[in-house]
Amino acid sequence: MVRYYKTHGVGYNIIAANFNIHPSQAQTWNKSNDLYGSQALIPRPKGRPTLTQENDKKKDNMTLTEKQKYEERILQLEAKLHGAELNRDFLKKLHALRSGKQIGRKP
């Protein structure tokens, strides 16, 4: 739109007055349009993201290898716990057999 005015002999001051902007803004838009096309004129979000958004991104960006490490550690601990439970049950049974008691059977 700015380019149309410029090519037809209308200066940035008149364009700025029509759109209620500063003339330098009209010139900047024209240069952006010439260099990058109409995509350069689409507004983009400005400013710094809020801290909550940054924290959410950090939580979501945990790499898959970190998750895999934690899952592997959990599996190792569960296996270790299962082994300890088996040893405990075996020792209980052994102690019961040596003392002559019967465990685990209902009369």
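Bear in mind that the values here come from a model prediction, so they are computed numbers and not experimental data.
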Residues clustering with L35 (ILVMFWY side chains joined when closer than 4.5 Å, directly or via others):
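Members besides L35, by chain and number: Y36.
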Who pairs with E71 by side-chain contact (heavy atoms from CB on, under 4.5 Å), at least two apart in sequence or on another chain?
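E71 satisfies side-chain contact (heavy atoms from CB on, under 4.5 Å) with no other residue.
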According to side-chain contact (heavy atoms from CB on, under 4.5 Å), who are the partners of R73, at least two apart in sequence or on a separate chain?
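Testing R73 for side-chain contact (heavy atoms from CB on, under 4.5 Å), a comparison that skips the adjacent residues, returns Q76, L77.
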With rounding to the nearest 0.5 Å, note down the distance linking [atom1] in [X] to [atom2] in [Y].
| X | Y | atom1 | atom2 | answer |
| --- | --- | --- | --- | --- |
| K92 | N87 | NZ | CG | 13.0 Å |
| L91 | L86 | CG | CG | 11.0 Å |
| T65 | K69 | OG1 | NZ | 5.5 Å |

Heavy-atom pair with the smallest gap, counting every atom of [X] and [Y]:
| X | Y | value |
| --- | --- | --- |
| S32 | A40 | O-CB, 3.7 Å |
| R44 | Q39 | NH2-O, 4.0 Å |
| I15 | A26 | CG2-CB, 4.0 Å |
| S24 | H22 | OG-ND1, 2.9 Å |
| Y12 | N30 | OH-ND2, 2.9 Å |

Set of residues satisfying side chain to side chain donor-acceptor pair (under 3.5 Å) with respect to S38, sequence neighbours excluded
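Testing S38 for side chain to side chain donor-acceptor pair (under 3.5 Å), a comparison that skips the adjacent residues, returns none.
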